[in-house]
Number of protein chains: 2
Amino acid sequence: MSYQRMASDSPVARASCTQCHLPELCLPRSLPCGELLELADIALVSSPIQRGGIIFKSNSPFRAIYAIRSGMVKQYYECSDGQQKILGFYLPGEMLGFDGIAKGRHQYSAATLETTTICELNYEELKWVCSRTERLDERFHCLMSQEISKENESLLLLKSKTAEQRLAIFLNSLSCRYKQLGYSANEFKLSMSRAEIGSYLGLTIETVSRLFSRMQREGLIESHHHTLRILDPTHLHALCSEQC
Amino acid sequence: MSYQRMASDSPVARASCTQCHLPELCLPRSLPCGELLELADIALVSSPIQRGGIIFKSNSPFRAIYAIRSGMVKQYYECSDGQQKILGFYLPGEMLGFDGIAKGRHQYSAATLETTTICELNYEELKWVCSRTERLDERFHCLMSQEISKENESLLLLKSKTAEQRLAIFLNSLSCRYKQLGYSANEFKLSMSRAEIGSYLGLTIETVSRLFSRMQREGLIESHHHTLRILDPTHLHALCSEQC
DNA sequence: CGCGAGTTTGAACTCGCTCAATGAATGTGG
DNA sequence: CCACATTCATTGAGCGAGTTCAAACTCGCG
């Protein structure tokens, strides 16, 4: 995989949050029109970034929060040996970069998994808008709180789910998020590699591959290359909620 | 273990953040005096809560953020079978409850591990003070950001550390936090049970117990009942930073 | 066509788990 | 104050889910 130039070098344009089809998921959710305009005023939309494009690098100065407009992004920790540990995948309407606020530097790196456009929200400007817009500040708190909840879920997953349950939960999560975006819940593209799925779920490539094979053999899913079809959503759900 | 009445029923008093010895860690860090007074005005200090006291229950309405003033608190998920999965331990100066903001309900439960006093910060009032005090709002963002970073660390720990490394990192983390509080870095009380440590680290009681025994045999630590002495901090550090 | 990255499959191993028994500490009621 | 109950911790033996190592297969691309 070849990495592109930094996304921050991409040509940018002022965002028009009012015309974006994602405001009901993204930061501006349920913001009155006037305040939406203020937010749009500080949001910069990137031009499309190819697969493998870097959004930010671990340890680089923190300047902005990023919202995915289209495509998909992975956030990961880079080990000293070059290995990547995937911390999360981000879909349209989702935001990342909050972990940089505390230390003034990004703690992890983020890269695109497919052609992606992002909205960049300069943190200083965002704080300024937040300070004058109670609703927005509240929404910002909510999003960080959501991120915390999401990570707690992941912690529980890693602590007490079997390999099969982890994969089921992962596929189910993608399914739900795609559905919410108006895409098919039962047929979508898996932009990430087996290695990335494994790293995210705390499993090896081989285990992930075997699980895909088994689930396919059992008629639960159909997976070819990077396309996935969920054939038996009920059974998949059952796997997700098994025991503790 | 017997549970006490809810902490929210505890007699409370207005806090005097100005006289607390923790403001350099807690929410008010580097806040100018005047703003500190505003914060103190909304902070309620609980009377001491005995071991096993509930601070909040999973699914209860979210009203406040809590800061530990003294003692120790665990946050945990309660399985349907009554089992607890520990998500984190909180020491004086640390804050918890952020995960409740997004959904308006606490996602997890929190209970004291020893006699503890807490500061309760009503979220609505806190937002009001934040909206008029830029520095405080920033600090609030920082604390949530820190929580996100801390959980990302935990995710990495669960994904790729051996049982021994996990325990070493855990003990080291406690050591650092106690040191920062002005206590001994190499001798402190482990208020949590082996089961709680195991649950937190994604290990079984037996494994934790065996690791304590082994580390003791190897002269790394000395552990009796709930007291811990780190005999070889250098070696412990080495374990923490081993490979990836 | 041949190369290389990514994936699949098999076989053997291992770390941490499960099950089980014992020991130590704390609390309780007579 | 002591027997008994109860909870928590320790230790051992055997097992198994997932890993490691290795080989084969697939597919896109020069």
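Naming convention: chains lettered A, B, ... in sequence-line order (proteins, then strands); numbering from 1 in each chain.
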Task: Value in whole Å for how far the C1' atom of C:dG10 lies from CZ of A:Arg214 - done: 16 Å

TODO: Please determine if a side-chain N or O atom of A:Thr204 lies less than 4.0 Å away from the OP1 or OP2 oxygen of D:dT19.
DONE: yes

- [ ] Calculate the interatomic distance between A:Arg210 atom CZ and C:dA12 atom P; express it in whole Å.
- [x] 13 Å

- [ ] Determine: side-chain N/O of A:His225 to OP1/OP2 of C:dT7, distance under 4.0 Å, yes or no.
- [x] no

TODO: Nearest-nucleotide wise, let me know which of B:Met192 and A:Thr207 is further upstream toward the 5' end of DNA chain D.
DONE: B:Met192

Task: Any B:Ser209 side-chain nitrogen or oxygen under 4.0 Å from OP1 or OP2 of D:dA9 - done: no

Open item on the list: Side-chain N or O of A:Ser193 versus OP1/OP2 of C:dG6: is the shortest distance under 4.0 Å?
Closed with: no

Open item on the list: With side-chain hydrogen bond (donor to acceptor under 3.5 Å, both in side chains) as the test, pick out the partner of A:Tyr90 among A:Lys74, A:Arg177, A:Gln75.
Closed with: A:Gln75

- [ ] Would you indicate, yes or no, if D:dT10 has its OP1 or OP2 atom less than 4.0 angstrom from a side-chain nitrogen or oxygen of B:Arg194?
- [x] yes

TODO: Please state how far atom NE2 in A:His224 lies from atom P in C:dT7, giving the value in whole angstrom units.
DONE: 13 Å

Task: Donor-acceptor contact below 3.5 Å, side chain B:Lys85 vs main chain B:Ser199 - done: no

Task: Value in whole Å for how far the C1' atom of D:dA9 lies from CG of B:Leu167 - done: 14 Å

Open item on the list: Between C1' on C:dG6 and CG on A:Leu190, what's the gap in Å once rounded to a whole number?
Closed with: 14 Å

- [ ] May I ask you to verify whether the side chain of B:Glu164 and the base of C:dC15 hold a donor-acceptor pair under 3.5 Å?
- [x] no

Task: Check: B:Ser149 and B:Asn152 side chains under 4.5 Å, non-hydrogen atoms - done: no

Task: For atom CD of B:Glu206 and atom C1' of D:dC8, their distance in whole Å - done: 12 Å

Open item on the list: Under 3.5 Å, is there any donor-acceptor pair linking the side chain of B:Glu196 to the base of D:dC8?
Closed with: no

TODO: Select base, sugar-phosphate, or nothing to describe what B:Gly202 touches, counting heavy atoms under 4.0 Å on all strands.
DONE: sugar-phosphate

TODO: Round to a whole Å and report the spacing from CZ of B:Arg51 to P of C:dT26.
DONE: 12 Å

Task: Side chain A:Arg166, main chain A:Leu201, donor-acceptor under 3.5 Å - done: yes

Open item on the list: Any non-hydrogen side-chain atom of A:Phe89 less than 4.5 Å from a side-chain atom of A:Val73?
Closed with: no

- [ ] Answer yes or no: does a side-chain N or O of B:Ser213 lie under 4.0 Å from OP1 or OP2 of D:dT11?
- [x] yes

Task: Between C:dG16 (P) and B:Leu201 (CG): distance, integer Å - done: 12 Å

